[in-house]
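The structure appears right after this line, and notes come after that.
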Protein chains: 2
Amino acid sequence: MFRLETILFEHSKSSLVKYVLTRYYCGMNDELFNLIERLANLLRQETRLEGQSLGLQPVQQEALYYLSTCNRYSDTMLAVTEFLGLTKGTVSQSLKILESNALIIKVKDKKDKRITHLKVTKAGREFLMKTCPPQKFTDAITSLSVDEEFETKTLLKKVLNNYQQATGRTAFGVCQHCKFNQQTSDGIVCGLTKEALSNDDIMLICKEYAV
Amino acid sequence: MFRLETILFEHSKSSLVKYVLTRYYCGMNDELFNLIERLANLLRQETRLEGQSLGLQPVQQEALYYLSTCNRYSDTMLAVTEFLGLTKGTVSQSLKILESNALIIKVKDKKDKRITHLKVTKAGREFLMKTCPPQKFTDAITSLSVDEEFETKTLLKKVLNNYQQATGRTAFGVCQHCKFNQQTSDGIVCGLTKEALSNDDIMLICKEYAV
DNA sequence: TGATAAATGTTTCGACTCGAAACTATTTTA
DNA sequence: TAAAATAGTTTCGAGTCGAAACATTTATCA
């Protein structure tokens, strides 16, 4: 995988001080890692620009975006925490800023008073529609054919699923494709909550997703 | 692209206060964006864990990794700045920390005294070999067949190239596939610098890459 | 040639992010 | 009914970030 080589070079002003460095060349394994990191860097950069009008940080926009895509079982602070891979305190603060900007509102759960649902407001949706995904990224995607885009998505989904499983993280996924999603005589039902699901519901992301 | 729908729900304790929200469902365009963001989140999280032993932040590890993969024309602070999409001051500080941890050393350029080359030390290489790419990510990749992995890389490269072009950013790329890379009777030469390139050189990433 | 502009990099500042830990309130467990 | 678990907030200190001012060196060009 790695090739090792020892090289020499001079250090700054102090003449003839030599440092021995070990140098390795990346195997093909690194390449995919590298590509994802670089795409993520560019995305973060563009996201930062898009958020400047409202003074929103990238991480806050990510949280807002997540909340716009998740279902009613997954719109809590803890779910956002899982999704972003951060700690409770950090996420709590980010959400406070989204709330102060009137992009989300907090709605207490009626059954369990500990739980607060986070609902994206009209202003929040409008902001997302303008900015998310960033325009230049969307443009870059169009260079792929429909088949190529589908293929990319399929393969990345495979990697993501495995990665989520390896890290023991909640496997967020689309309700429709979840093993708890059941078609009954009364319509579509969630096997976990036993609640009825609408055609819109099943298109959203759920934190309880399982295959 | 988007489907709009107006929904109603009750707000917290104040009974019967209704909020009108506009809700939209993501078209397929969002999906690729979403996948990359989520993979990046997981990578950042695992990177954070891996760096704890040395007290290294994710962004510092990314800089170190970049420096281990780039050539002698691209191992400067400004190149790292371009690569990470951050500002000079920020990167300068991150590099100072890498230097204080003896993971890189600074080497003044002999021709242009403004330029400082950043060389990864043996300790730096060893740290990277242990931690980069993160183990669980590497494991997740193995779920792909060789062909699938190749296909994914090819497609993501296409997206990245377009994205870099759209943002007007430096298009980092492997020397070997650059248009300035020339095969002459004396060996391989860089058309920009007119310098000879070794077989090792041409495998590294260059900030002057062009197609 | 000599003044001005441009490029490389550092430092400082204030706003923001992050994890850790302590804390409240509610629900579940035993 | 007491103890444990869950959802969420607040506070603290370390670190990240961009912006701007700065120093040094090199390039431009009149």
Side-chain angles (χ1 to χ4, degrees), chain A residues 12-13 41 44-52 54-63 67 73-101 104-118 170 207-208, chain B residues 12-13 41 44-52 54-63 67 73-101 104-118 170 207-208:
Chain A
S12 68
K13 290 161 194 166
N41 282 342
R44 176 165 298 255
Q45 206 178 337
E46 198 176 356
T47 302
R48 194 180 290 282
L49 279 176
E50 305 250 37
Q52 269 180 353
L54 288 181
L56 284 189
Q57 302 293 320
V59 72
Q60 291 157 11
Q61 295 179 63
E62 275 191 68
L67 289 172
Y73 309 133
S74 315
D75 59 354
T76 65
M77 190 225 67
L78 274 187
V80 177
T81 299
E82 278 283 323
F83 187 83
L84 296 179
L86 303 175
T87 52
K88 291 195 299 183
T90 303
V91 173
S92 183
Q93 293 228 314
S94 291
L95 293 174
K96 216 161 61 177
I97 290 170
L98 287 180
E99 192 191 15
S100 72
N101 282 38
I104 63 172
I105 57 174
K106 294 183 177 175
V107 183
K108 279 256 161 59
D109 191 277
K110 283 165 190 158
K111 289 176 187 164
D112 189 334
K113 289 178 187 169
R114 292 172 302 182
I115 297 175
T116 302
H117 295 278
L118 305 162
T170 308
K207 66 169 180 168
E208 307 293 350
Chain B
S12 69
K13 290 159 191 165
N41 282 343
R44 175 166 298 255
Q45 207 178 338
E46 198 178 356
T47 302
R48 196 181 289 282
L49 279 176
E50 305 249 38
Q52 269 180 351
L54 289 181
L56 285 189
Q57 302 292 321
V59 72
Q60 292 156 12
Q61 296 179 65
E62 275 190 71
L67 289 173
Y73 308 132
S74 316
D75 60 353
T76 65
M77 190 223 71
L78 273 189
V80 177
T81 298
E82 278 284 322
F83 187 84
L84 297 179
L86 302 175
T87 52
K88 291 196 298 184
T90 303
V91 173
S92 183
Q93 294 227 313
S94 291
L95 294 175
K96 217 161 61 178
I97 291 169
L98 287 180
E99 193 190 15
S100 71
N101 282 39
I104 62 172
I105 57 173
K106 294 184 177 175
V107 184
K108 278 255 161 64
D109 191 278
K110 284 166 191 156
K111 289 175 187 163
D112 189 334
K113 288 178 186 167
R114 290 173 302 184
I115 297 175
T116 302
H117 296 278
L118 305 161
T170 307
K207 66 168 179 167
E208 307 293 350

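We use all heavy atoms of the structure for the numbers below, so side chains are in, but hydrogens, waters and symmetry mates are not. Chain identifiers are assigned alphabetically (A, B, ...) following the order of the sequence lines, protein sequences preceding nucleic acid strands; residue numbering begins at 1 within each chain.
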Check against side chain to side chain contact (heavy atoms under 4.5 Å, CB included), A/Leu67 and A/Ile104: CA-CA 9 Å; A/Leu67 289 172; A/Ile104 63 172; 4.1 Å; yes
Tell me whether B/Ser92 contacts the main-chain N or O of B/Gly89 through its side chain, where contact means a donor paired with an acceptor under 3.5 Å. no
Is there a side-chain polar atom (N or O) of A/Lys96 under 4.0 Å from OP1 or OP2 of D/dT11? no
Using the side-chain hydrogen bond (donor to acceptor under 3.5 Å, both in side chains) criterion, which residues pair with A/Glu62? Sequence neighbours excluded. B/Asn41
Side-chain (B/Gln60) to main-chain (B/Gln57) donor-acceptor, under 3.5 angstrom: yes
Going from NZ on A/Lys106 to CG on A/Asp75, what distance comes out if it is rounded to the nearest 0.5 angstrom? 12.5 Å
With DNA chain C as reference, determine whether B/Leu78 or A/Asp112 sits nearer its 5' end, using the nearest nucleotide of each. B/Leu78
Rounded to the nearest Å, what distance is computed from the NZ atom of residue A/Lys207 to the C1' atom of nucleotide D/dA7? 10 Å
What distance separates A/Ser94 OG from A/Leu86 CG, expressed to the nearest 0.5 Å? 7.5 Å
For the pair B/Lys207 and B/Glu82, find out whether any cationic side-chain nitrogen is under 4.0 Å from an anionic carboxylate oxygen. no
Between atom NZ in B/Lys113 and atom P in D/dA23, what is the gap in whole Å? 19 Å
Report the distance from atom CG of A/Asp109 to atom P of C/dA25, rounded to the nearest whole Å. 19 Å
Measure the distance from NZ on B/Lys108 to C1' on C/dA7 and round it to the nearest whole Å. 15 Å
Taking only side-chain N and O atoms of B/Lys106, does any of them lie within less than 4.0 angstrom of OP1 or OP2 on C/dT10? yes
How close or far is atom P of D/dA5 from atom CD1 of A/Ile115, stated in whole angstroms? 18 Å
Please state how far atom NE2 in A/His117 lies from atom P in D/dA7, giving the value in whole angstrom units. 11 Å
Do B/Asp112 and B/Arg114 sit within salt-bridge range, that is, some charged N less than 4.0 Å from a carboxylate O? yes
Roughly how many Å is it from CG in A/Leu54 to C1' in C/dA15, rounded to a whole number? 17 Å
If you measure from CZ on B/Arg44 to CD on B/Gln61, what distance do you get to the nearest 0.5 Å? 10.5 Å
Result for 5'-nearest mapping on DNA chain D, choosing between A/Thr116 and B/Arg114, is A/Thr116
For nucleotides 21-23 of chain C, give me every protein contact, N/O to N/O, under 3.5 Å, one pair per line with atom names.
none

Table of protein N/O atoms under 3.5 Å from nucleotides 14-17 of chain D N/O atoms:
from   : atom 1 : to      : atom 2 : distance (Å)
D/dT16 : OP1    : B/Gln60 : NE2    : 2.5
D/dT16 : OP2    : B/Gln60 : NE2    : 3.4

How close or far is atom C1' of C/dA25 from atom NZ of A/Lys111, stated in whole angstroms? 20 Å
